[in-house]
Protein chains: 2
Amino acid sequence: MATASIRRRTVIQRVESQGLMQHGGAHPDCNAPPVRYHAPMNAGAKNERVRLSAEDWEDGALALIAEQGVGALAVEALARRLGVTKGSFYWHFRTREALLQAALERWEEYGEREVLGKMELISDPRQRLPELFRRVAHELQPHRVYAALLKALDHPQVVPVMARVSQRRMDFLNAMYREAGLEPVTALHRARLTYAAYVGFLQLNFTLGLPRLSHDEFDAYVEHVIATLTPEKTGN
Amino acid sequence: MATASIRRRTVIQRVESQGLMQHGGAHPDCNAPPVRYHAPMNAGAKNERVRLSAEDWEDGALALIAEQGVGALAVEALARRLGVTKGSFYWHFRTREALLQAALERWEEYGEREVLGKMELISDPRQRLPELFRRVAHELQPHRVYAALLKALDHPQVVPVMARVSQRRMDFLNAMYREAGLEPVTALHRARLTYAAYVGFLQLNFTLGLPRLSHDEFDAYVEHVIATLTPEKTGN
DNA sequence: TGGCAACCATACGCCTGAGTATGTAACTCC
DNA sequence: GGAGTTACATACTCAGGCGTATGGTTGCCA
């Protein structure tokens, strides 16, 4: 639902008005975070206003979640971050939970298009899995929201979303393992194991800041994972 | 630190006073959850009081966390659960965070004694890993707190605790893989992978309620994990 | 160019949960 | 058997965060 009707918006100038962390495009779907230059004092010629849309709020919410977790998603904080006040927010959303819901669905929809879409284009089934592992391993950015959501599984609203996403991805892995020659039950177990390893890795290395693998160590680790989780030649 | 000086306490009667979930000994260290029968109305002969200790509060906190997550740890809620009021709490702890801290440290200390202690007694190094996997897989109860903490990694207080615990356990796995004949770097990677798979599994199956493996499926999965993550004979 | 709708500001109400103040009951020990 | 310590009750303050009310501003369109 909600076919992403991108509303136009007249941005003339963007200014980081408060001393918040530069968020540097935490979410790839978050194009040009709209921060507006508040007018009251200093009424220069260029102080144009930014009128926000619901999608802007959702993107802002995702960026905030990626940085500070779901718990930090408060409407006044987000409003400040976007350069407006609460009054604006409650025009777009009936409640805070409505925003969270919309943001999560937006993220979920984006994830399907992006993550699974790219993987269809690898021809050789045997080469798909290693390639998948390598690609996933090296795009850090999309994982930030995922990791943030993973460590916010307290919140009842994120659980169903994560459950759906995880299930779809495991189904995908399962299919690829069967294509690679594993027997049905083996493929299913291997898909579970693989995805569990992925999720666990995010937990251990993003949110806990364990020893902080260097770049080379990380590559070596990925190759090790490929070697042990990917079927070689024989369809065991 | 804090050598667990067990204070005496005169429990005469325990009554579940409010309609909360029966917590059924969520934490093994939580012996006899003290719920007191409040006196005001109905002053029968048996209405004895329970005087709580700091350890009681910590155990209660852990039980509450295991059931409803770290976010649900509020002093008034916990006080109600224990059959007393806030006034009691602030005698034992200066603040809510102090309680959380104490509870986490208590859990950490318990985990070291229990989980790692039991594993020292398997003689054959080759048999240790499969046995470890099977044992860990089949004691569900101690994992509840762990899973709850895992999905509460939002909270800054739990991060260092989990980091320490995870590091220790991975070191332990690393040692066992080396004993089993793996080369140093391989053992390290394998330990990472194994522990990541463990953590990920908890996430996917406890907090998300994915398809809910049956008992047989679960056993089969565990054997699959052993087959793919455990070195066979040759020290590859 | 007036008017409606989208968007935002300001000010307020209200509830939740942490922490404080102070008085009280029970246990201990001499 | 009274004094001190331990443990708890009651009543309060205070801050944060959600949501509401209401009015102001901007943009679009007839």
Side-chain angles (χ1 to χ4, degrees), chain A residues 5 7-13 17 34-41 43 46-58 60-61 64 68-101 155 157, chain B residues 5-13 17 34-41 43 47-58 60-61 64 68-101 155 157:
Chain A
S5 65
R7 303 183 190 173
R8 282 280 139 249
R9 153 165 52 93
T10 60
V11 181
I12 307 295
Q13 191 189 26
S17 51
V35 176
R36 97 129 109 174
Y37 191 36
H38 198 185
M41 68 219 75
K46 286 189 184 172
N47 301 340
E48 300 295 332
R49 291 196 149 190
V50 176
R51 291 170 77 88
L52 302 175
S53 69
E55 285 83 9
D56 294 327
W57 283 93
E58 293 166 13
L64 213 171
Q68 303 175 250
V70 175
L73 181 58
V75 319
E76 301 198 63
L78 183 53
R80 270 194 301 277
R81 190 190 170 90
L82 294 177
V84 294
T85 63
K86 284 168 39 168
S88 169
F89 175 85
Y90 285 98
W91 192 89
H92 295 284
F93 298 92
R94 266 192 64 257
T95 165
R96 189 204 102 124
E97 303 203 9
L99 169 67
L100 219 196
Q101 197 62 38
H155 205 293
Q157 284 185 269
Chain B
S5 64
I6 300 157
R7 303 182 189 174
R8 282 281 138 249
R9 152 166 51 94
T10 60
V11 181
I12 307 296
Q13 191 191 24
S17 52
V35 176
R36 99 130 109 174
Y37 190 37
H38 198 186
M41 69 219 74
N47 302 339
E48 299 297 332
R49 293 196 147 191
V50 176
R51 292 172 74 88
L52 301 176
S53 69
E55 284 82 9
D56 294 327
W57 284 93
E58 294 166 14
L64 212 171
Q68 303 175 249
V70 176
L73 181 58
V75 319
E76 301 199 64
L78 183 54
R80 269 194 303 277
R81 189 190 169 92
L82 294 178
V84 295
T85 63
K86 286 170 36 169
S88 168
F89 175 85
Y90 285 99
W91 192 90
H92 295 284
F93 299 92
R94 266 192 63 257
T95 164
R96 189 205 102 121
E97 302 202 9
L99 169 66
L100 219 195
Q101 196 63 37
H155 205 293
Q157 283 184 269

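- Summarising the geometry, the separation between CG on L99(B) and P on dG17(C) is reported as 16 Å, rounded to the nearest angstrom.
- One can place NE2 of H92(A) at 17 Å from P of dA5(C), the figure rounded to the nearest angstrom.
- Taking atom CG of L100(A) as the reference point, atom C1' of dC18(D) lies 14 Å away to the nearest angstrom.
- Nearest to the side-chain atoms of R51(B) among the listed nucleotides dC8(C), dA18(C), dC27(C) stands dC27(C).
- dC18(D) atom P lies 10 Å from atom CZ of R80(A), rounded to whole Å.
- Atoms CG (L52(B)) and P (dC27(C)) sit 14 Å apart, rounded to a whole Å.
- Distance from the side chain of T85(B) is smallest to dC8(D) among dA7(D), dC8(D), dT10(C).
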- Item | Verdict with reasoning, L82(B) to L52(B), per side-chain contact (heavy atoms from CB on, under 4.5 Å) | CA-CA 9 Å; L82(B) 294 178; L52(B) 301 176; 4.0 Å; yes

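- Candidate nucleotides dA18(C), dA7(D), dC8(D) were compared by shortest atom distance to the side chain of W91(B), and dA7(D) ranks first.
- Between the CZ atom of R96(B) and the C1' atom of dT20(C) there is a distance of 18 Å, rounded to whole Å.
- When each of K86(B) and F89(A) is assigned the nucleotide of DNA chain D with its nearest heavy atom, K86(B) is the one assigned upstream, toward the 5' end.
- Note: OH (Y90(A)) to C1' (dG23(D)) measures 19 Å, nearest angstrom.
- F89(A) pairs by the ring-ring contact (aromatic ring centres under 6.0 Å, His included) definition with W57(A), F93(A), not counting sequence neighbours.
- Between T95(B) and dG19(C) there is a side-chain polar atom (N or O) within less than 4.0 angstrom of OP1 or OP2.
- Along DNA chain D, the nucleotide closest to W57(B) and the one closest to L73(A) are compared, and the more 5′ of them pairs with W57(B).
- Put simply, NE2 on H92(A) and CD on E55(A) are 9.5 Å apart, with the number rounded to the nearest 0.5 Å.
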- Message: Walk me through whether L73(B) and L100(B) qualify under side-chain contact (heavy atoms from CB on, under 4.5 Å).
- Response: CA-CA 8 Å; L73(B) 181 58; L100(B) 219 195; 3.9 Å; yes

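- Taking every side-chain heavy atom of A74(A) into account, dC18(D) is the closest of dA9(D), dG17(C), dC18(D).
- Remark: Q157(A) engages Q101(A) in a side-chain hydrogen bond (donor to acceptor under 3.5 Å, both in side chains) (not counting sequence neighbours).
- Rounded to whole Å, the distance from CD on E76(A) to P on dC14(C) is 17 Å.
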